[in-house]
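Let me begin by presenting the structure, written as structure tokens, before commenting on it.
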Amino acid sequence: MLAPSPSGNVEYFAAARRWNGDVSRQTSIITPKEEGSAVSQVTSTSKSNQELGIPTPKNALERVRNIGLVAHIDAGKTTVTERILLYSGRIHRSGEVHDGQATMDYMAEEQERGITITSAATSCEWRHHQLNIIDTPGHVDFTAEVERSLRVLDGAIGVFCAVAGVEAQSETVWRQATKYKVPRLAFVNKMDRVGADFKKAVKSIRDRLEVHPVPVQIPFGQEKDFGGVIDLISMQLITFPDDESRTIEVAPIPESHQAAALEARDHLLEALSEFDEAILEKYLEGEDILFEEIIAALRRGTIANEITPVLCGTALKNKGVQTLLDAVVRYLPSPADVPPITGSCPQSSENVIRHADDKEPMAALAFKIVSDPNGDLTFVRVYSGVLRQGDKVVNVNRNGKERIGRIVKMHAASREAVDELHAGDIAAVIGLKNTVTGETLADPDNPVLLENIDFPETVISLAIEPKSKADRDKLGMVLAKLAKEDPTFTRFTDDQTGQTIISGMGELHLEVLCNRITREFGVGAEMGRPMVAYRQTLRKPVDIEGRHVKQSGGKGQYGVVKVRFEPTESLGMLEFKNEIVGGSVPREYIPAVEAGIREATQRVQEWRFPFVGIQASLYDGSSHDVDSSEMAFKAAGILAFRNAVEAAGHILLEPMMKIEVQVPEEYVGDAIGDLTSRRANIEEIEGEGKVRRVHGKVPIAEMFGYSTSLRSMTQGRGTYSMEPSEYAPVPESIAEKVRKEYAERDKQK
């Protein structure tokens with residue numbers, strides 16, 4: 001066995017440059033220079049980087065990698081991040097998600113639930129490169145965290161479970177990364193689990209994500225026999241013999257795996273030859289393709305989004321993360337490798353291009369706000385120029401001045417103060433007063449407006465009530481803070497019910513926010529089902545007199561009107577018609593009659609729900625020369641409507657929503673059955689590939705909890721959208737239940 005060289009050179013990759021098809025090689029062991037020092041293990045000289053195929057940086061910017069980890073919930077993103085921090089020397093002991101000790105899951109809610117809720121930023125070094133890392137949530141309710149992270153990242157690692165392959169949220173985050181043209185690596189995690197299947201996982205990446213996955217490694221065994229990886233570039237077996245894998249052992253590929261390795265290498269070279277003519281020519285001629293040529297082609301293909309290199313391992317068992325880190329610095333782009341950012345001139349709307357260069361005017365995008373008692377943190381990505389502490393900048397979206405207070409680099413919840421940020425840097429600024437997510441900060445003398453961040457529409461709403469009067473005063477301020485922090489969280493007061501309604505991306509999203517309101521801000525609040533904004537209309541046309549006459553000596557009140565009330569098909573607001581001929585109701589009193597009828601239709605206290613879809617035609621009446629007044633005729637209009645309701649009866653109406661449900665073909669029957677049980681009217685089913693879209697109308701009262709139900713029945717792969725449509729009559733059996741329910745609520749007030 002070969003001992004490591006004093007410089008820490010990794011000799012097995014150097015040997016790959018001379019590989020000529022002979023997979024029988026001498027074994028090497030790579031160990032840390034100092035016991036217990038992860039930094040010593042992974043830090044090497046520039047010569048070592050060349051042997052590893054890592055491009056030699058020409059400047060500091062080319063040493064930067066802004067990357068994110070994205071995947072479905074429970075695929076292992078946070079565990080991978082913990083191991084990255086461990087092997088890079090950023091931490092010296094990794095925490096586990098299941099123990100609530102993960103460095104990146106620092107919120108109490110995250111530690112209790114064992115999931116990532118908010119994206120957390122950190123940075124570390126690997127082979128003289130700075131890695132700025134964002135660990136994103138995997139739950140669909142927190143997809144906005146992924147959206148805004150991908151908007152500012154240059155590369156990403158998609159983490160996939162070796163058992164489940166591509167899962168629902170993996171598809172969502174992959175589409176988000178594609179929208180922003182982010183180059184990606186794929187890491188097939190959990191290779192040690194029962195049911196792990198690397199080939200199946202790669203196939204699911206190809207089929208479901210519609211990309212070109214190219215394995216650069218294949219597993220050496222799987223499930224309980226997983227022992228390491230076979231590197232297809234060096235054609236060496238890499239194993240991780242100790243528990244924390246501080247030592248990497250490199251050996252010849254066993255004879256039992258040589259055929260599979262050669263076949264996989266051929267597939268790798270075929271994939272590269274599809275877009276690299278030099279490799280194609282050598283491949284067809286049967287010539288040796290040098291190590292450096294393969295690495296360079298993989299890098300070009302990855303940055304151009306032509307291919308997705310695939311690696312494998314098991315982060316929990318400390319296997320495969322070091323080679324993943326090598327792949328990050330080899331294949332993913334630096335800020336200098338991605339196209340310059342394009343914005344617009346705020347005065348002329350002409351396109352403005354800013355390069356990742358410290359010499360250009362400063363331009364930065366605020367992509368995340370975090371509330372903090374000592375001053376809100378505004379996370380920014382600097383695209384050009386230098387942002388210094390104390391600088392005065394302009395918020396281009398609001399045309400307002402901002403002053404840069406303190407600047408901090410984040411390590412989960414920890415902060416490290418810095419004086420300035422350079423092009424390509426990601427950090428947080430303390431002290432901004434009027435900047436929110438998606439807004440641009442720029443040099444006041446050279447402003448540029450960068451593209452904003454698009455967030456999905458909210459899909460669920462719940463009512464929130466303070467527990468006491470003291471809490472009521474605080475709740476509004478806390479909700480405003482949360483809305484500033486989270487672009488997918490909105491709140492408003494329902495004019496009809498008086499309830500405060502909060503909206504978000506799912507029930508878990510709103511539950512977590514409610515817990516934060518109680519835990520972080522100390523405000524007592526409870527969530528409940530919101531009251532549906534029901535309406536009513538008359539059952540049939542009626543002719544009614546409204547008589548308001550009080551004459552008992554002195555000036556009295558006199559107003560008499562005759563009104564024809566009819567229900568209309570439009571179900572809009574009241575339509576008032578003046579059909580008075582001959583002046584039976586003086587012209588100056590007719591607006592008062594209309595005002596009285598309109599007021600009566602909206603008297604929620606008297607009727608519980610407002611009336612809509614009614615035409616009121618004033619056709620006759622009488623007046624008194626002395627006792628008539630606007631007040632008297634308004635009262636007559638109110639009495640006329642009250643009499644009409646008693647004579648005609650009323651029908652309860654409910655808001656209907658247009659709904660579009662998108663599900664995989666195999667779940668169409670379940671989705672339709674569930675919608676039918678919710679009193680939906682299915683209008684159309686469209687086909688598009690393996691996806692079906694179901695269109696229809698459904699009462700909003702039946703849709704609470706639908707988001708969770710749809711995800712459950714489709715294994716998280718179904719999505720839906722709704723928009724208001726119309727009001728429709730409620731079946732009488734259900735209308736009676738609604739009236740009783742709301743009457744009970746009124747008693748409790």
Side-chain angles (χ1 to χ4, degrees), residues 1-4 9-16 19 22-32 38 41-42 51-53 76 79-80 82-84 86-87 94 126 157 159-163 185-202 214-265 267-268 291 309-328 330:
M1 294 188 178
L2 300 177
N9 294 346
V10 183
E11 299 179 1
Y12 68 95
F13 279 110
W19 185 79
D22 179 9
V23 293
S24 300
R25 288 211 162 274
Q26 193 173 14
T27 301
S28 303
I29 295 181
I30 294 84
T31 58
Q41 176 193 358
V42 299
E51 291 175 337
L52 281 166
T79 304
V80 172
E82 289 292 309
R83 298 310 186 269
I84 287 174
L86 175 67
Y87 298 128
S94 59
W126 183 260
I157 301 171
V159 182
F160 303 93
C161 174
V163 179
L185 303 177
F187 182 70
V188 179
N189 193 27
K190 304 187 178 183
M191 284 300 306
D192 59 320
R193 281 188 56 189
V194 175
D197 189 327
F198 180 73
K199 288 185 178 179
K200 184 179 177 182
V202 173
V214 178
V216 295
Q217 299 172 345
I218 59 173
F220 181 62
Q222 50 193 34
E223 298 185 340
K224 63 182 179 61
D225 296 324
F226 179 71
V229 298
I230 295 174
D231 187 88
L232 300 178
I233 305 172
S234 68
M235 291 303 285
Q236 294 280 340
L237 170 63
I238 305 172
T239 54
F240 311 86
D242 65 323
D243 290 340
E244 287 196 354
S245 295
R246 299 296 183 97
T247 300
I248 300 175
E249 184 173 305
V250 181
I253 300 173
E255 187 175 345
S256 58
H257 288 69
Q258 289 182 12
L262 289 170
E263 181 183 358
R265 182 181 169 89
H267 289 160
L268 167 63
F291 172 76
V310 183
L311 301 94
C312 61
T314 169
L316 187 63
K317 298 296 178 63
N318 304 289
K319 296 178 180 179
V321 176
Q322 298 98 318
T323 53
L324 174 64
L325 279 166
D326 285 340
V328 167
R330 277 182 187 160

Review point. Quick one: does Gln236's side chain have a donor or acceptor within less than 3.5 Å of a partner on Asp231's backbone?
Key: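 Not at all, since once roles are kept as given, no pair shorter than 3.5 Å links the two residues.
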Check your understanding: Between Arg83 and Asn318, is there a donor-acceptor pair closer than 3.5 Å when you use the side chain of the first and the backbone of the second?
Key ->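 Judged by distance alone, no pair lies under 3.5 Å.
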Check your understanding: Is Cys161 close to Arg193 at the side-chain level, that is, under 4.5 Å between some pair of heavy atoms?
Key ->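 They are in contact (side-chain heavy atoms under 4.5 Å apart), so the answer is yes.
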Check your understanding: Mind checking whether Ile84 and Trp126 have side chains closer than 4.5 Å, heavy atoms only?
Key ->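 Ile84 does not reach Trp126 side chain to side chain.
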If every non-hydrogen atom of [X] is compared with every non-hydrogen atom of [Y], which pair is closest and at what distance?
X	Y	answer
Lys317	Asp192	NZ-OD2, 3.1 Å
Gly227	Lys319	CA-NZ, 4.3 Å
Leu232	Ala261	CD2-O, 3.7 Å
Phe160	Ala186	CE1-CB, 3.7 Å
Gly76	Val159	C-CG1, 4.2 Å

In Å and rounded to the nearest 0.5 Å, what is the [atom1] to [atom2] distance from [X] to [Y]?
X	Y	atom1	atom2	answer
Leu324	Tyr87	CG	OH	11.5 Å
Leu325	Ile157	CG	CD1	7.0 Å
Asn189	Thr314	CG	OG1	5.5 Å
Ile253	Met235	CD1	CE	4.0 Å
Gln322	Leu86	CD	CG	8.5 Å

Practice item. Only counting residues at least two apart or in another chain, list the ones meeting ring-ring contact (aromatic ring centres under 6.0 Å, His included) with Phe226. Key: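 For Phe226 there are no ring-ring contact (aromatic ring centres under 6.0 Å, His included) partners, ignoring immediate neighbours.
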Point to revise | Residue list, side-chain hydrogen bond (donor to acceptor under 3.5 Å, both in side chains) with Asp197, at least two apart or on another chain | key: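 Once residues adjacent in sequence are excluded, Asp197 has no partner under the side-chain hydrogen bond (donor to acceptor under 3.5 Å, both in side chains) criterion.
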**Study point:** Worked check of side-chain contact (heavy atoms from CB on, under 4.5 Å) between Leu311 and Val229
**Key:** CA-CA 9 Å; Leu311 301 94; Val229 298; over 6 Å; no
Taking only distance into account, with no hydrogens and no angle test, what donor-acceptor pairs under 3.5 Å do side-chain atoms of residues 215-225 form with protein atoms, sequence neighbours excluded?
unit_1: Gln217; atom_1: OE1; unit_2: Cys312; atom_2: N; d: 3.1
unit_1: Gln217; atom_1: NE2; unit_2: Thr323; atom_2: OG1; d: 3.1
unit_1: Gln222; atom_1: NE2; unit_2: Ala196; atom_2: O; d: 3.2
unit_1: Glu223; atom_1: OE2; unit_2: Gly195; atom_2: N; d: 2.6

Exercise for review: Go through the structure and list residues passing side-chain contact (heavy atoms from CB on, under 4.5 Å) with Ala201, not counting sequence neighbours.
Suggested key: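 side-chain contact (heavy atoms from CB on, under 4.5 Å) check on Ala201 returns Val188.
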